[in-house]
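Here the structure comes first, spelled out in structure tokens, and everything after it is commentary.
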Amino acid sequence: MKQKKNCARIWLCVALVLCLISMVGSSLIQTGNHSIRIKKMYWESPAGALLSADLWIPANATAENKAPAVVTVEGWYNNKEMQDAYTLELARRGYVVLTLDLHGHGNSEALPQDRLYDGAVGVDGAVQMVASLPYVDTARIGVTGHSSGGTAANMAVALDNERETPLIACVLQQAGDWQDDTGGDHSGDYGTRSVGIIASEYDDFYFGTYDDAGNMLTTPKQFLETEGAQKFLNFNEDVSTFEGPAEGGKYYTRDFDGKTALRVIYRPTCIHPAVTFSSECVGYAIDFFEQTLGAPNALPAQDQIWPVKVAFTALGLVGFFLFMVGFAICLLDTEYFSALKAQDKVLAAPVKDGAGKLWFFGLMIVSMLFSGFSYIYCMRHVYSNTTKFFPQTASLTIGVWSLACGVFALILMVVYYFAYGRSHGFSASATGLCLPLKKLWRTIVLAILVIVCSYGIVFFADYFFQTDFRIWVFGIKVFGSDKVLIALRYLPFFLAFYVINSISVNCFNYNTIGGEVGNTLLEALANSFACMVIVAVQYGYFYATSRQFFGLTEGERILPIWLFTVIPILFGAAVISRILYKKTRNPYLAGFINAMFVTLFTCTNTFTTLSAGTLIATTF
């Protein structure tokens with residue numbers, strides 16, 4: 001027993017060491033070994049609401065030696081950390097970089113829906129802020145944004161044109177074009193500015209053309225052949241004067257009173273969200289801003305260290321989850337929580353006949369089918385709707401789907417119990433399904449303590465090292481008290497699923513099929529398999545035909561993208577619940593922990609509005 005205690009403590013120490021290595025390593029990388037200062041900023045935007053941003057200040061930027069600046073902006077359901085690759089590489093090259101949380105994103109204050117686009121969702125305020133800094137050259141300010149962040153930049157250009165002396169010198173669209181989320185066309189607003197577009201051949205949202213009925217006429221792969229692309233490269237002049245064909249990556253230039261402006265369309269082959277996580281696309285940004293603003297510390301485009309930072313922050317993710325599980329196990333050795341420990345070793349239930357195997361695999365297949373089809377249904381009918389009580393459409397959509405899957409799983413377990421389990425030795429008390437109220441209360445307290453302490457590490461990392469734990473779209477970050485209040489509204493949806501899922505995985509399906517490890521992996525795969533199929537079908541079909549399998553609505557096009565985080569969460573939830581169940585014979589502990597984590601994770605990584613209704617902006 002003592003050896004097992006020591007083992008849990010060793011893993012807990014390993015988790016803390018991994019988190020510390022992650023913090024120190026990512027901090028050293030992003031600051032260039034302390035040659036770049038990073039400041040957290042909060043200020044009142046022209047729209048009268050709080051904006052949040054990180055300001056990256058390289059050592060070369062001084063009042064005597066003013067540096068060019070770039071404002072980076074995340075996509076619609078993201079936060080400013082999603083621009084880390086661009087922000088880091090531009091700051092390394094001597095640009096002052098302000099990376100912004102749009103209104104309603106990250107730690108920026110949300111706006112009512114009828115004022116959502118005031119001040120270009122915050123981009124205009126960010127441009128004014130960076131222009132006010134004494135070490136910024138106001139004649140060399142650029143903006144780059146991903147998806148809706150880029151189209152918000154277009155709105156900022158329109159506002160910038162109203163100034164006597166415009167501030168924005170150039171714009172780089174990351175997976176966006178000259179439109180905005182309300183349908184506005186800003187192609188005529190760019191004027192003498194230099195503008196670039198990263199237009200992937202397999203973009204989920206942009207660069208295709210459609211008829212009035214919504215049928216696709218040209219695919220993103222054919223974008224350069226379209227009139228819109230050629231008109232853009234021709235500085236918004238009639239395409240009849242354009243000397244084609246249009247070429248990807250070629251700089252088209254035009255002189256305006258001695259000033260040379262350029263237009264360029266870059267053509268990577270990644271999908272829409274991968275533009276923020278692509279060395280090729282980051283390289284395009286490096287080249288673009290060197291051409292338009294001039295890099296104070298010019299480095300080759302291929303000289304990129306942001307993947308090293310990603311390796312460190314991903315290491316922190318591993319440490320976070322190891323801590324979450326290890327801390328829970330270690331607390332079981334304390335006097336208060338020791339009552340939750342299993343009194344004897346929890347063994348897999350034997351499956352004695354073919355009928356048992358048929359029930360096991362049959363219900364697994366049925367549940368996977370329901371998971372996949374119900375998710376598609378929710379993305380078609382719940383997606384992009386909010387209420388005053390539920391102000392986050394992503395949390396509501398995934399939450400409703402989770403609730404539906406939980407209820408369906410409960411129905412399957414009831415059917416199994418009465419049709420087969422009760423007559424073949426299934427015991428609710430023996431599996432831990434029946435838990436005394438005293439133990440239930442301690443289970444809740446333990447789960448809350450685990451989540452609070454686990455996120456305490458994240459807040460420690462943010463406060464002392466200005467970093468968090470993430471890889472691509474999967475990020476565990478700090479949040480304000482407003483997100484806690486929002487998360488409490490969605491918590492019942494996720495509690496229903498993850499508690500019932502833990503009961504299903506452990507009380508009903510922890511058996512000898514597949515062996516000790518194989519059974520756990522089967523359950524983890526069953527949790528996430530339908531989501532894997534949806535992603536595989538969408539992008540397999542997309543790359544084979546240049547058209548999307550799911551693509552009739554915005555909700556359909558975004559449905560595989562949201563699964564990039566859902567898949568590892570569902571897979572990991574089964575593994576975590578099995579580990580804790582074997583220590584406690586208590587399916588509720590892991591259910592509570594998983595539900596609270598997923599709720600916080602979901603509600604802190606999406607967009608919030610203050611008004612009810614259907615959202616206009618639905619791009620990723």
Residues which pass side chain to side chain contact (heavy atoms under 4.5 Å, CB included) with Leu28, listed by chain and number, not counting sequence neighbours: Val24, Asn33, His34
Between Ile57 and Ala61 the two heavy atoms that sit nearest each other are CG2-CB, 4.4 Å
Could you measure the distance from the CD atom of Gln304 to the OG atom of Ser278? Nearest 0.5 Å is fine. 8.0 Å
Measuring from Thr269:OG1 to Glu280:CD, what's the distance to the nearest 0.5 Å? 6.0 Å
Where do Ala131 and Leu167 come nearest, in terms of heavy atoms and distance? CB-CD1, 3.8 Å
Does a side chain donor of either Asp204 or Tyr539 reach within less than 3.5 Å of an acceptor in the other side chain? yes
Picking from Val598, Val400, Thr602, what satisfies side-chain contact (heavy atoms from CB on, under 4.5 Å) with Ser395? Thr602
For Thr62 and Asn65, indicate whether the former's side chain and the latter's backbone hold a donor-acceptor pair under 3.5 Å. yes
For Asp303 against Glu89, the heavy-atom pair lying closest together: O-OE1, 3.5 Å
Is the shortest side-chain N to carboxylate O distance from Asp462 to Lys477 below 4.0 Å? no
CH2 of Trp306 to OG1 of Thr87: how many Å apart, nearest 0.5 Å? 12.0 Å
Could you grab the distance from atom SG of Cys270 to atom CZ of Phe277, nearest 0.5 Å is fine? 12.0 Å
Hey, is Lys40 close enough to Asp54 for a salt bridge, meaning N to O under 4.0 Å? yes
SB check Asp203 Lys221 (cutoff 4.0 Å): no
Would you please indicate yes or no on a ring centroid separation below 6.0 angstrom for Tyr190 and Trp178? no
For a ring-ring contact (aromatic ring centres under 6.0 Å, His included) with Phe564, tell me which candidate from Phe474, Tyr77, Trp472 qualifies. Trp472
Would you name the heavy atoms of Leu299 and Glu290 that are closest together and state the gap between them? O-OE1, 4.2 Å
Between Arg263 and Asn236, do the side chains contain a donor N or O and an acceptor N or O under 3.5 Å apart? no
I would like to know whether Phe320 and Tyr455 meet ring-ring contact (aromatic ring centres under 6.0 Å, His included); could you show each step before the answer? CA-CA 8 Å; Phe320 177 89; Tyr455 265 96; 5.7 Å; yes
Separation between CG (Leu116) and OG1 (Thr609), nearest 0.5 Å, reads 6.0 Å
Working to the nearest 0.5 Å, report the span between OG1 of Thr604 and CD of Gln392. 8.5 Å
Flag for Ser194-Thr292: side-chain donor and acceptor within less than 3.5 Å: no
Where the side chain of Ser45 meets the backbone of Leu50, is there a donor-acceptor pair that is under 3.5 Å apart? no
Check this for me: does any side-chain nitrogen of one of Asp257 and Lys259 sit under 4.0 Å from a carboxylate oxygen of the other? no
Cation-pi check, Arg557 onto Phe550 ring (under 6.0 Å, within 45° of axis): no
